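Owing to the predicted nature of the structure, the values given are computational and were not obtained by experimental measurement. In listed order, ligands and their atoms are each counted from 1.
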Amino acid sequence: MATALRHLRLGVNVDHVATVRNARGGMHPDPVRAALMAAEAGADGITAHLREDRRHISDDDIERLRTQLHVPLNLEMAATDEMLKIALKHKPHAVCLVPEKRQERTTEGGLDVAGQHNQLAPFVRELSDAGIRVSMFIEAEIRQLEASRSVGAPVVELHTGLYCETPAGASREKQLLRLQNAAGHAEKLGLECHAGHGLGYDTVGPVAAISNLAELNIGHFLVGEAIFVGFSAAIGRMRILMDAARAPLTAAVT
Ligand code: PXP
């Protein structure tokens, strides 16, 4: 129950600010400016995914985020030699290992940690030895949780995409239950548990109410909503919804 008291951190993903910038190839809008604004608006950390094809975040963005941010930077990346070199150069607070396919529009599905144990274990060790907190972006499956612990990752991030895409009702409840069970199992294994992908105002509440979660990472919805209300207001509203979902849990133990 002690975990329910913990502040649920909000990591704001700024990838899609870079998507808009790159549509014209210039400097505007700058994801680093958005990241600084997000931190000011209450983001506990900033997440950025440096993809192999550099379709949104660039190497220069990572360099500038690393030097200008005063909140932790979570670098999402594929487990490749190129990305390992970049992570070891910049030493972000955290690295989240994600699967990556060139053709996909976004990160489809979680990393198959169980199937890639031998490649991932030394990778995780090298990052950890450099003082970087490593998380594995996985589906809410027991075998992936156990494999994540076995490769030495201290953190897992549960993929919430399926839950968010499922229409509200019994089927979505089933997806929520999967996330709840996985978060509970992660805690039993001694893993810190995060969640993210596809979350918006309509879907965040039940996920934020899972007491074993320590952090949510949210990007696309916030950047889209910023068009209508501004980035700070969108982040502020998300923070309110997360805190409201969490309030009954913290009240129960105080
Ligand atoms: N967490 C991870 C590991 C991701 O890959 C992404 C998408 O880049 C997110 C969270 C955020 O997803 P969204 O942009 O749909 O909120």
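For the pair H16 and ligand 1, the shortest N or O to N or O distance does not fall below 3.5 Å. Taking distance alone, with nitrogen or oxygen atoms compared against 3.5 Å, H49 stays at or beyond that limit from ligand 1. Below 3.5 Å of separation, one finds an N or O of G198 facing an N or O of ligand 1. For the pair N217 and ligand 1, the shortest N or O to N or O distance does not fall below 3.5 Å. Between L199 and ligand 1, no pair of N/O atoms sits closer than 3.5 Å.
Residues Y163 and V207 approach most closely at CE2-CG2, 3.4 Å, considering heavy atoms. Nearest heavy atom pair, residue L50 against residue D59, reads CD1-N, 3.8 Å.
In this structure, I227 shares a hydrophobic cluster with F228, V229, the cluster being traced through Ile, Leu, Val, Met, Phe, Trp and Tyr side chains under 4.5 angstrom apart.
Taking a cutoff of 4.0 Å between a charged side-chain nitrogen and a carboxylate oxygen, E157 and R9 do not qualify as a salt bridge. Using a cutoff of 4.0 Å between basic side-chain nitrogens and carboxylate oxygens, D44 and R239 are scored as salt-bridged. Under the 4.0 Å criterion applied to side-chain N and carboxylate O atoms, D81 and K85 are not assigned as salt-bridge partners.
The aromatic rings of H16 and H220 lie perpendicular to each other, with more than 60° between the two planes, well past the 30° mark.
Interface of D15 with ligand 1, defined as ligand atoms under 4.0 Å from a residue heavy atom, comprises 8 (O). Near I218, with a cut-off below 4.0 Å to any heavy atom, the atoms of ligand 1 are 16 (O). Per-residue contacts place G219 under 4.0 angstrom from the following atoms of ligand 1 (heavy atoms of the residue considered): 13 (P), 14 (O), 16 (O).
With a heavy-atom cut-off of 4.0 Å, H159 does not touch ligand 1 at all.
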